[in-house]
Amino acid sequence: EGLTIALRPREDCWISLTLDGASEPVVLRTMRAGESAVFEADNEINLIVGNPSAFAFTINQQAGKSFTTGDPVTLNITRQNYRNFVAP
């Protein structure tokens, strides 16, 4: 089973998303409020979120954790640890 991540910012939010150790991000921009995008990886997702309190996502169709900080966060999501990033 791979990884599927759906990004859905509630407010404008800067995103950098790299899949499976690629040298270049597949997303490196500001996503607008209400916009959504879905990406698939075989093994690993590296995600940097510039305004995490305004950011919503799902991993393998499970709601991701919410963040209360406005400071950027970096998430390294793998097939082995993705459940650590799922909301309880």
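Just so you know, residue 1 is the first one in the sequence shown, and it goes up from there.
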(message) Using a 4.5 Å cut-off between side-chain heavy atoms of Ile, Leu, Val, Met, Phe, Trp and Tyr, which other residues end up in the same hydrophobic cluster as Ile48?
(response) Trp14, Leu28

(request) Would you give the length of the straight line joining atom CZ of Arg79 to atom CG of Leu3, rounded to the nearest 0.5 angstrom? (result) 7.5 Å

(request) Hey, could you give me the CZ/SG distance between Arg8 and Cys13, rounded to the nearest 0.5 Å? (result) 14.0 Å

(request) Write out all pairs satisfying salt bridge (charged side-chain N to carboxylate O under 4.0 Å, His left out) with one or both partners inside residues 12-33, taking only residues at least two apart or from two chains. (result) Asp12-Arg32, Arg29-Glu35

(message) The test is side chain to side chain contact (heavy atoms under 4.5 Å, CB included); show your working for Ile5 and Leu47 and say whether it passes.
(response) CA-CA 10 Å; Ile5 188 165; Leu47 177 64; 4.0 Å; yes

(message) Treating Lys65 as the side-chain partner and Asn84 as the backbone partner, does any N or O pair qualify as donor plus acceptor under 3.5 Å?
(response) yes

(request) Only counting residues at least two apart or in another chain, list the ones meeting side-chain hydrogen bond (donor to acceptor under 3.5 Å, both in side chains) with Asp42. (result) none

(request) Would you please name every residue forming a side-chain hydrogen bond (donor to acceptor under 3.5 Å, both in side chains) with Arg83, sequence neighbours left out? (result) none

(message) Does any part of the side chain of Ile15, heavy atoms only, come nearer than 4.5 Å to the side chain of Thr30, both counted from C-beta?
(response) no

(request) Flag the pair Thr4 / Phe39 as yes when at least one side-chain heavy-atom distance between them is below 4.5 Å, and no otherwise. (result) no

Output side-chain donor-acceptor pairs under 3.5 Å for residues 68-77, partner residues at least two apart or in another chain, one line each.
| residue | atom | partner | partner atom | Å |
| --- | --- | --- | --- | --- |
| Thr69 | OG1 | Asp71 | N | 2.9 |
| Asn76 | ND2 | Glu44 | OE2 | 3.4 |

(message) side chain to side chain contact (heavy atoms under 4.5 Å, CB included) for Ile45 and Leu17? Distances and angles first, verdict last.
(response) CA-CA 7 Å; Ile45 297 169; Leu17 177 76; 3.3 Å; yes

(request) Only pairs at least two apart or in different chains count here, so list each side chain to side chain donor-acceptor pair (under 3.5 Å) that has a residue in residues 48-63. (result) Glu1-Asn60, Asn51-Ser53

(request) Could you tell me which non-hydrogen atom of Val38 sits nearest to which non-hydrogen atom of Ala6, and how far apart they are? (result) CG2-CB, 3.9 Å

(message) For Phe57 versus Phe85, what's the shortest heavy-atom pair and its separation?
(response) CZ-O, 3.7 Å

